[in-house]
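By convention in this document, chain letters (A, B, ...) are assigned in the order of the sequence lines, proteins followed by strands, and residues within each chain are numbered from 1.
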Amino acid sequence: MKIRKYWQIAKISWSNGLAYRLNLVMWRVRVVVQMLAGYFLWMAVFNRNQVAFGYNQAQMLTYVLGGALIRTLVLSQRSVDVQVEISSGDLNNYLVKPINYFRYWLARDGADKLLNAVFGVGELAVLVILLRPPILGPVGGQNLAGLLAMIVGAMMMYFYLSLLVSMTTFWYPEQNGWPQRFLIFMILEFLAGGLFPLDILPEPVLAVVKWLPTSYLVFIPMQVYLGRVSGQELAVSLLIMLAWVGILKQLAQMVFKRGLRIYEAYGR
Amino acid sequence: MAVISVEGLTKTFKVVRKEPGLWGSIKALVKREYETVRAVEKVSFDIEAGELVGFIGPNGAGKTTTLKCLSGLLYPTGGDIQVLGYKPWERKSELQKQFSLVMGQKNQLWWDLPPIETWRLQQAIYEIDQASFKQIVAELVNLLQLQRVVSIPVRKLSLGERMKCELVAALLHRPKVLFLDEPTIGLDVVMQKTMRDFIAEYNRKFGATVILTSHYMEDVKRLCERVIVISQGRIVFDGKLNQIISRLAGYKMVRLIFGQEFDQRKLAEMAEVTEYNFPQAVVKVDRKKAAAVAAKILQEFPVADVTIEEPPIEAIIRSLYEDPKILADS
């Protein structure tokens with residue numbers, strides 16, 4: 001019965017997403033344009049060099065296109081609406097019902113990401129067929145499995161990170177919480193390695209960035225795929241990631257509880 | 001045992017104070033000054049199973065805050081609340097499955113989807129089995145005449161249709177307790193009556209306990225035997241509606257229709273004329289002397305028809321809002 005609850009949420013989320021055709025098309029065009037921009041930029045770089053920043057052309061293009069696919073899965077979500085629901089008082093609708101608000105959004109995000117995966121893989125396939133870029137396959141079964149596990153972990157990490165940002169709206173409800181989200185997510189996307197591989201950064205910066213949870217969102221999963229992180233190192237990375245998911249989840253739940261204490265259930 | 005029990009409920013909010021103008025905005029950017037506002041103060045009442053209680057008061061009196069505390073949206077600053085034996089702010093699903101909150105100015109329907117989609121989601125959330133769901137939806141759709149709108153996206157519906165669909169969404173799990181915050185706001189008179197009849201029917205048929213807030217006295221008059229009047233965060237009256245009338249209105253209105261012209265001044269000597277528009281006049285007379293005065297007027301004036309009426313409830317409530325102390329004085 002409980003599963004049915006969240007399955008129904010996923011279904012209504014899909015129906016809602018598909019209710020706007022124009023929005024759907026625009027959104028996919030945006031994703032493809034972003035993917036192409038990264039692709040052509042790095043093509044240009046590798047026209048002049050064989051190797052740049054420790055990556056050869058095939059590795060870099062694989063990182064960019066694969067990273068774009070991971071980004072569309074990990075760094076996109078419906079639950080940005082949480083901040084709007086908090087500041088507008090629409091959170092009321094859930095608080096009075098026998099439903100777990102976090103799981104509700106997890107179900108909606110899950111549904112959204114499944115839709116993203118279908119589109120993302122399709123688009124990438126079309127691009128690969130049209131552009132025939134020199135991309136690399138997975139180095140082995142272990143790495144492929146590691147990548148899949150990491151994507152799931154990254155989604156969970158990002159989910160709780162995003163909730164934490166949304167919950168600042170309990171204290172700063174101005175403009176539905178968009179000012180803080182824009183800033184934090186600009187930084188986050190950069191630190192995730194969604195735009196370029198983080199190890200092209202200068203050594204001292206990299207040393208810091210590598211230890212931040214954000215590098216587990218895109219950078220490390222792609223390193224796993226490329227075979228730059230394997231074996232024991234992969235196992236350790238997965239454990240660290242698991243720990244981060246746990247920490248962020250606890251933190252999000254704690255902040256939510258505190259936020260509800262001062263929540264004023266606006267809307268009148 | 002009371003279904004709802006409120007004991008000394010107090011709720012305060014912290015609000016930012018900002019001086020007017022641009023300079024005030026700049027100052028507020030650097031240093032914020034807060035002020036504590038008391039939305040409700042030491043509010044106590046009990047409501048028994050099956051009661052339909054009107055909760056009335058001017059804007060900002062604390063009605064909605066009280067309802068939000070009762071439904072677990074707000075933590076009380078002080079005092080205690082029990083709804084069906086639970087503390088609402090603990091938000092136990094056992095309690096949540098037994099009540100519903102409907103806010104006339106808030107939407108829970110999915111805007112871009114037909115109402116049936118929201119209802120199905122409600123079905124899953126409240127774990128209603130398919131057979132009951134079908135039966136309840138059919139019943140409510142029929143009662144509220146919603147057959148036409150079930151599959152039309154919510155954004156294309158009229159306010160009245162939307163409100164009816166909101167009610168269906170709120171009632172699918174057959175709540176034992178219903179908090180209705182201005183359910184008729186913005187609706188036309190016909191739709192207001194439909195909603196009223198429906199609420200009365202739901203209360204009667206399922207023995208549901210209902211708290212209703214409304215600015216339309218007609219809602220309260222038609223639906224609620226008992227009213228709780230709240231003003232500036234405090235309860236100023238809790239009892240039968242007609243008690244307010246008898247306590248506050250020490251007068252009655254005598255409505256007269258005259259057969260021919262007469263000397264108005266003579267009428268004014270006998271009673272306070274509040275309205276005169278030949279052939280009709282209305283005079284205000286002391287409640288105890290109403291019958292005697294009416295008889296005297298009948299004798300001395302060319303009266304074609306006479307009726308003795310209670311003063312309009314709106315006027316009485318208005319005077320109570322303006323000066324909550326008048327009840328204590330009366």
Side-chain angles (χ1 to χ4, degrees), chain A residues 1-24 78 81 84-86 88-105 107-108 111 170-174 179 253 256-268, chain B residues 11 13-15 39 59-60 63-65 67-75 88-89 91-114 116-130 153 155 169-170 173 175 179 181-182 213:
Chain A
M1 213 53 179
K2 288 270 191 289
I3 296 283
R4 220 181 78 79
K5 201 183 277 200
Y6 297 98
W7 171 238
Q8 189 65 37
I9 293 166
K11 277 205 310 199
I12 196 169
S13 206
W14 282 319
S15 306
N16 203 50
L18 298 172
Y20 319 85
R21 272 178 302 182
L22 183 68
N23 188 45
L24 189 73
R78 278 259 47 84
D81 291 351
V84 182
E85 291 188 335
I86 292 173
S88 68
D90 283 347
L91 177 61
N92 294 357
N93 282 338
Y94 309 92
L95 293 181
V96 296
K97 289 178 191 168
I99 188 165
N100 180 307
Y101 190 59
F102 279 22
R103 274 185 232 146
Y104 167 82
W105 274 111
R108 290 205 59 189
F170 279 122
W171 290 269
Y172 301 99
E174 295 95 341
Q253 275 168 343
F256 191 57
K257 260 189 196 152
R258 297 204 70 160
L260 286 180
R261 283 253 159 209
I262 63 144
Y263 178 58
E264 292 185 8
Y266 309 97
R268 295 308 295 279
Chain B
K11 177 71 192 172
F13 292 110
K14 229 167 75 171
V15 231
N59 286 330
K63 306 181 296 284
T64 304
T65 302
L67 283 194
K68 283 176 179 169
C69 288
L70 284 173
S71 46
L73 289 174
L74 297 176
Y75 291 84
W89 63 88
R91 289 198 279 271
K92 293 254 163 68
S93 57
E94 291 86 354
L95 170 63
Q96 292 177 323
K97 282 184 184 168
Q98 299 186 69
F99 82 85
S100 237
L101 167 72
V102 179
M103 295 185 143
Q105 291 176 332
K106 272 243 162 261
N107 223 310
Q108 68 158 321
L109 298 168
W110 286 55
W111 194 245
D112 296 296
L113 297 175
I116 184 77
E117 299 279 354
T118 307
W119 299 344
R120 284 206 189 109
L121 182 63
Q122 292 288 99
Q123 178 197 3
I125 290 176
Y126 288 97
E127 299 172 28
I128 304 163
D129 65 75
Q130 189 60 18
R155 75 184 122 89
H173 60 292
F179 301 124
D181 195 17
E182 309 259 6
T213 80

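Residues B:Gly72 and B:Arg91 come closest through the heavy atom pair O-NH1, 2.7 Å. For the residue pair B:Trp89 and B:Leu74, the shortest heavy atom distance occurs at CB-O, 4.2 Å.
B:Glu94 does not touch chain A: none of its heavy atoms, backbone or side chain, sits under 4.5 Å away. Looking at B:Lys14, the atoms closer than 4.5 Å to chain A (heavy atoms on both sides) all sit in the backbone: N, CA, C or O. At a 4.5 Å heavy-atom cutoff, A:Leu91 makes no contact with chain B through either its backbone or its side chain. Interface residue A:Asn93: only side-chain heavy atoms are found under 4.5 Å from chain B.
Between chain A and the options B:Leu73, B:Leu101, B:Asn107, B:Thr118, heavy-atom pairs under 4.5 Å are most frequent for B:Leu73.
Within 6.0 Å of CZ in B:Arg155 there are more than 12 heavy atoms belonging to other residues, nucleotides or ligands. Heavy atoms of other residues, nucleotides or ligands lying less than 6.0 angstrom from CH2 of A:Trp7 number 12 at most.
The shortest side-chain heavy-atom distance between B:Ile125 and A:Tyr94 does not fall under the 4.5 Å cut-off.
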